[in-house]
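Shown next, in structure tokens, is the structure this report addresses.
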Amino acid sequence: MKDGRKELLRGLEFNYVSLRTFRDIQAVGDDAAPFIIEPDGRARHLITPSYLIGELDLRPVKPEHSTLPVVPSPVKESSE
């Protein structure tokens with residue numbers, strides 16, 4: 001927020017991420033994990049550690065993703 005407040009948001013995705021974005025890596029973990037990617041329709045995997053990037057732009061996704069899903073709480077059902 002512009003006034004310095006922090007607020008949780010739903011229904012956002014990363015805006016365009018170029019290779020230049022990776023110049024702003026703040027920290028890298030020691031936990032390699034595989035991720036499935038499909039750049040040209042063929043499934044491939046990429047093994048990479050977790051990393052923290054200083055700043056990325058976000059954009060809203062479709063409006064139906066901005067509200068919480070209507071699902072009963074599994075904790076509430078199991079306690080009855």
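Quick caveat, the model's predicted, so the values are computed rather than measured. Only this structure's heavy atoms are used, side chains among them; waters, hydrogens and symmetry mates stay out.
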Short side-chain to backbone donor-acceptor contact, Glu55 and Ile53, under 3.5 Å: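 Absent.
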
Approximate separation, where rounding is to 0.5 Å, of Phe14 CZ and Asp57 CG: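 Phe14 atom CZ to Asp57 atom CG measures 10.5 Å (nearest 0.5 Å).
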
Separation of Tyr16 OH from Thr21 OG1 (nearest 0.5 Å): 8.0 Å

CZ (Arg59) with more than 12 external heavy atoms under 6.0 Å: yes

Flag if over 12 foreign heavy atoms under 6.0 Å of CG, Leu46: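 Counting other residues, nucleotides and ligands, CG of Leu46 exceeds 12 neighbours.
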
ILVMFWY cluster, Ile37 and Tyr51 together (side-chain gap under 4.5 Å):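 Cluster IDs for Ile37 and Tyr51 differ.
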
Single-linkage hydrophobic cluster, 4.5 Å side-chain cutoff, Leu52 and Leu56 together: no

Minimal non-hydrogen separation, Pro49 against Gly29, with atom names: CB-O, 3.4 Å

Residue pair Ser50 / Asp31: nearest heavy atoms and the distance that separates them: OG-OD1, 2.8 Å

